[in-house]
Amino acid sequence: MSSPDPHRRFLAVLFGGMGVLHFAAPSGFDEIVPRALPGRARFYTLASGGAELVVAGLLMSPRTRGWGSVAAVALLVAVFPANVQMALDSRDASPLRHAVALGRLPLQGVLIAQAVGAGRR
């Protein structure tokens with residue numbers, strides 16, 4: 001197996017780390033699940049955490065990196081509403097927390113571009 005390029009490795013570590021956090025400390029993720037979604041927030045937290053772990057694994061193997069790239073883009077688009085919810089909920093929070101929440105919105109686009117590129121390299 002060839003070594004993954006640094007961008008793909010970064011994404012795999014990011015998705016893997018966030019996936020683990022979804023299981024280790026789920027309450028913070030539960031809070032940003034958009035309230036318009038049916039069912040319990042915990043379901044979405046655990047499902048997205050599991051999806052992040054799968055994406056991390058797919059990105060690490062040269063044989064599955066193309067699928068990993070597609071899955072990463074799909075997941076980043078799917079969780080974007082949670083980032084919007086976080087930004088909306090942070091309006092009355094400290095300026096730093098609100099700035100971080102707002103900063104996550106354009107960061108999602110950067111991560112999507114990285115994920116697209118990871119499938120091409």
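Residues Thr45 and Val33 form a side-chain contact, since some pair of their non-hydrogen atoms from C-beta on lies under 4.5 Å apart. Counting heavy atoms from C-beta on, the side chains of Glu31 and Asp89 never come closer than 4.5 Å. For the pair Phe80/Leu105, a side-chain contact is recorded, criterion being any heavy-atom separation below 4.5 Å from C-beta on. Residues Val55 and Met18 have side chains not in contact (no heavy-atom distance under 4.5 Å, counting atoms from C-beta outward). Under the 4.5 Å side-chain criterion, counting only non-hydrogen atoms from C-beta, Phe10 is in contact with Leu111. The shortest distance between side-chain heavy atoms of Val79 and Gln108 falls below 4.5 Å.
Interatomic distance, Met86 CE to Leu102 CG, rounded to the nearest 0.5 Å: 10.5 Å. Rounded to the nearest 0.5 Å, atoms CZ (Arg9) and CE (Met60) are 6.5 Å apart. To the nearest 0.5 Å, atom CG of residue Leu59 and atom CD of residue Gln114 are 11.0 Å apart. The distance from atom CZ of Arg104 to atom CD1 of Ile32, rounded to the nearest 0.5 Å, is 5.0 Å.
Put simply, Val54 and Val13 are part of two different groups of oily side chains (I, L, V, M, F, W, Y) that touch within less than 4.5 Å, one to the next. Two different hydrophobic clusters hold Val20 and Tyr44 under the rule that ILVMFWY side chains link at heavy-atom gaps under 4.5 Å. Side-chain heavy atoms closer than 4.5 Å link hydrophobic residues (I, L, V, M, F, W, Y) into clusters, and following such links, possibly through other members, connects Leu107 to Val116. At a threshold of 4.5 Å between side-chain heavy atoms, the hydrophobic network of Ile, Leu, Val, Met, Phe, Trp and Tyr places Leu37 and Phe29 in two separate groups.
Shown here are the salt bridge (Lys or Arg N to Asp or Glu O under 4.0 Å) partners of Arg91, two or more places apart in sequence or in another chain: there are none.
The nearest pair of heavy atoms linking Asp30 to Ala41 is O-CB, 3.6 Å. When every heavy atom of Ala78 is checked against every heavy atom of Pro81, the shortest pair comes out as O-CD, 3.2 Å. Looking at every heavy atom in both residues, Ser48 comes nearest to Leu75 through O-CD2, 4.4 Å. In plain terms, the two heavy atoms of Ser69 and Ala115 that are nearest each other are OG-O, 2.5 Å.
Side-chain atoms of Thr64 do not come within 3.5 Å of backbone N or O of Trp67 as any donor-acceptor pair. His98 places a side-chain N or O within donor-acceptor distance of the main-chain N or O of Ser90, the cut-off being under 3.5 Å.
Heavy atoms of other residues, nucleotides or ligands lying less than 6.0 angstrom from CZ of Phe43 number 12 at most.
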**Study point:** Audit row: Leu76, Phe15, side chain to side chain contact (heavy atoms under 4.5 Å, CB included) steps and yes/no
**Key:** CA-CA 10 Å; Leu76 288 164; Phe15 278 106; 3.9 Å; yes

